[in-house]
Amino acid sequence: MLRPRVVMLVDLDYFYAQVEERRNPSIRGKPVVVCVYSGRTEDSGAVATSNYIAREYGVRSGIPISLAKKRLKDNKDAVFLPIDRPYYQAVSERIMSVIRASADSFEQVGIDEAYLDVTDRVRGDFGEAKELACKIKNDVLEQEGVTCSVGVAPNKLVAKMASDAQKPDGLTIVKPEEVKTFLDPLPADRIIGIGGKTSKRLEDMNIKTISDLASYDVERLIEKFGKALGNYFHNASLGIDDSPVQERGEVESISRIATLKENTRDINVIMQKANELSDDVHAKLLERGVNFKLVGIVMIMKDLTVHSKSKTFETPMFDVDVIKRTARELFDKLLNESTNEARRIGVRVSVLGKVEKTQRRLTDFFGSSS
DNA sequence: GTATGCTTTCGGC
DNA sequence: TTACGGCCGAAAGCATAC
């Protein structure tokens, strides 16, 4: 007898802003806005996240800081704080180790979310799962002073949507027999992978809700979106998802990006910043003890359009000069393909591998005959 | 025709 | 009226190999 899985998604509420509230409780009850200042002018930059009080004023992730200030100008209590990633990272690591202790298998996604497969420890019982979810919420609140929202469902897809249904400090259980009732009325764009562009196309096909999507012919979906995506949409609309909860390995790429003091097309100005970014990236490579096979760059132009280039090497590289030289080559190419000025630039390395402690011997490559 | 690998873009947080 | 970050993994798009 196949027992349904019991999967949870734990999402730490408005994480950066909540951590700031915990660090300085006197800002609780006020709008809190965590900002990424670019350093170009006083208020240039974007909002990383905000607490729910700030959100009532329309201050959400991604909007310009100056716009956030405008929207909050009548609230004299509003607090604007610079982002402190290392601190949030440290808090996240402690919280994640608390959560992990309640899982059969565990998969962290980003700094503030984790999937747990708890099928075995609740013996497939959603009633027990609810108690476990409450215990996790309690553990995290008592030990780290942070609230979270939890979704419990038969798979990752529905667990994620369940956790979104009620927040902050929410708990939403969707038993196997409730999946259809839960999903049907939701707008189609609540499915991961259906963003602005795809939902527009779906609307043109008269598909607005997940229910609409579920009753649409699979073959027709495949005609429109291709095999992989068509099947994915069809299955997702029915709440079907077999993807396992599995531990994620080390990060697969390391990147740094920065805003230039002024827009420019001057390769020397660009390379001065690019070399700094390359040094930072290289320092992280050394820290991790890894080499790389790919160097990529990104350029965000004056008009905020994004362009990127990359180059893959056949063998692993580890010199900072390779990063710098390749970056220059790629920035030169990119500038040649556009007449626009650059606003921000970034450097990225990926396809990372472990640096061997000693030089490998030929026998490691060709095998030994003895 | 399908699988594989590389480059570029997308989009979540 | 406009305003505008810094990451990351995944998807999409394309070329080439089988």
Task: Residue A:Val36, side-chain heavy atoms: nucleotide from C:dC8, C:dG6, C:dA3 that is nearest - done: C:dG6

- [ ] With DNA chain C as reference, determine whether A:Leu304 or A:Ser253 sits nearer its 5' end, using the nearest nucleotide of each.
- [x] A:Leu304

TODO: Quick one: label A:Lys70 by what it contacts on the DNA or RNA (base, sugar-phosphate, nothing), any heavy atom closer than 4.0 Å.
DONE: base

Open item on the list: Which heavy atom of A:Ala159 sits nearest to which heavy atom of A:Val7, and what is that distance?
Closed with: CB-O, 3.7 Å

- [ ] Check every strand shown and say whether A:Thr259 touches a base, only sugar-phosphate, or nothing at a heavy-atom separation below 4.0 Å.
- [x] sugar-phosphate

Task: Proximal nucleotide (of B:dT7, C:dC8, C:dG5) relative to the A:Ser310 side chain - done: B:dT7

Open item on the list: Can you see if the side chain of A:Arg344 gets near the phosphate of C:dC4 - specifically, an N or O under 4.0 Å from OP1 or OP2?
Closed with: no

Open item on the list: By the 4.0 Å heavy-atom rule, please label A:Lys284 as base, sugar-phosphate, or nothing.
Closed with: nothing

Open item on the list: Looking at A:Tyr115, I'd like to know if the NZ or CZ of A:Lys156 sits under 6.0 Å from its six-membered ring centre while staying within 45 degrees of the ring's axis.
Closed with: yes

Open item on the list: Can you measure A:Lys309 atom NZ to B:dT9 atom P for me and round it to whole angstrom units?
Closed with: 7 Å

Task: Of the listed nucleotides C:dG5, C:dC7, C:dA3, the one nearest the side chain of A:Ser255 - done: C:dC7

Pairs: protein N or O with nucleotides 10-18 of chain C N or O, under 3.5 Å:
none

- [ ] Provide the closest heavy-atom pair for A:Pro176 versus A:Pro154 in the form atom of the first, atom of the second, distance.
- [x] CA-CG, 3.7 Å

TODO: Answer with base, sugar-phosphate or nothing: what part of the nucleic acid does A:Ile254 contact at a heavy-atom distance below 4.0 Å?
DONE: sugar-phosphate

TODO: Measure from the side-chain heavy atoms of A:Glu113 and tell me the nearest of C:dG9, C:dC4, B:dC13.
DONE: B:dC13

TODO: For A:Gly346, answer base if it contacts any base atom (sugar-phosphate contacts may also be present), sugar-phosphate if it contacts only those atoms, and nothing otherwise; contact means non-hydrogen atoms under 4.0 Å.
DONE: nothing

Open item on the list: The test is salt bridge (Lys or Arg N to Asp or Glu O under 4.0 Å); show your working for A:Glu276 and A:Lys273 and say whether it passes.
Closed with: CA-CA 5 Å; A:Glu276 290 173 28; A:Lys273 180 58 78 178; 3.3 Å; yes

- [ ] Could you state the atom-to-atom distance from CD1 of A:Ile63 to P of B:dC13 in whole Å?
- [x] 18 Å

TODO: Report yes or no: does A:Glu56 contribute a side-chain atom to a donor-acceptor pair with the main-chain N or O of A:Ile53 at less than 3.5 Å?
DONE: no

Task: Spacing of A:Ile300 atom CD1 relative to C:dG6 atom P, expressed in whole Å - done: 8 Å

Open item on the list: From CZ of A:Arg85 over to P of C:dG6, roughly how many Å is that when rounded to an integer?
Closed with: 8 Å

Task: Nearest-angstrom distance from the residue atom CG of A:Asp84 to P of C:dC7 - done: 14 Å

Task: Nearest-Å distance for atom pair CG/C1', residues A:Leu330 and B:dT9 - done: 16 Å

TODO: With C1' as the reference atom in both, quote the distance from C:dG5 to B:dG11 in angstrom, rounded to an integer.
DONE: 14 Å

Open item on the list: If you compare every side-chain N and O of A:Arg256 against the phosphate oxygens of C:dC7 (OP1, OP2), does one of them come in below 4.0 Å?
Closed with: yes

Task: Within-4.5 Å side-chain heavy-atom neighbours: A:Leu335 and A:Ile270 - done: yes

Open item on the list: Heavy atoms only, 4.0 Å cut-off, all strands: where does A:Val109 land among base, sugar-phosphate and nothing?
Closed with: nothing

Open item on the list: When you measure from the centre of the six-membered ring of A:Tyr52, is the NZ or CZ of A:Arg55 closer than 6.0 Å and no more than 45° off the axis?
Closed with: yes

Open item on the list: With a cut-off of less than 4.0 Å, is there a side-chain N or O of A:Lys311 near OP1 or OP2 of B:dT8?
Closed with: no

Task: Result of checking A:Arg100, A:Gln246, A:Arg248 against A:Glu107 for side-chain hydrogen bond (donor to acceptor under 3.5 Å, both in side chains) - done: A:Arg248

Open item on the list: Side chain of A:Ala48, heavy atoms from C-beta onward: which of C:dG5, C:dA3, C:dC8 has the nearest atom to it?
Closed with: C:dG5

- [ ] Select one nucleotide: of C:dC8, C:dG5, C:dA3, the one nearest the side-chain heavy atoms of A:Ser38.
- [x] C:dG5

Task: N/O (side chain, A:Arg343) to phosphate O (OP1/OP2, C:dG5) under 4.0 Å - done: yes

Open item on the list: Considering every strand and a 4.0 Å limit on heavy-atom distances, what is the contact class for A:Asp43: base, sugar-phosphate, or nothing?
Closed with: nothing

Task: Nearest-angstrom distance from the residue atom CD1 of A:Ile257 to C1' of C:dC8 - done: 12 Å

Open item on the list: Checking contacts here: which listed nucleotide (C:dC4, B:dT7, B:dT9) is nearest the side-chain heavy atoms of A:Ser308?
Closed with: B:dT9

- [ ] Would you mind reading off the distance between A:Ile191 atom CD1 and B:dG11 atom P, rounded to a whole angstrom?
- [x] 16 Å

TODO: Report yes if the side chains of A:Val351 and A:Thr312 come closer than 4.5 Å at any heavy-atom pair, otherwise no.
DONE: no

Open item on the list: Mind checking if A:Gly110 touches a base, just sugar-phosphate, or nothing, with heavy atoms under 4.0 Å?
Closed with: nothing

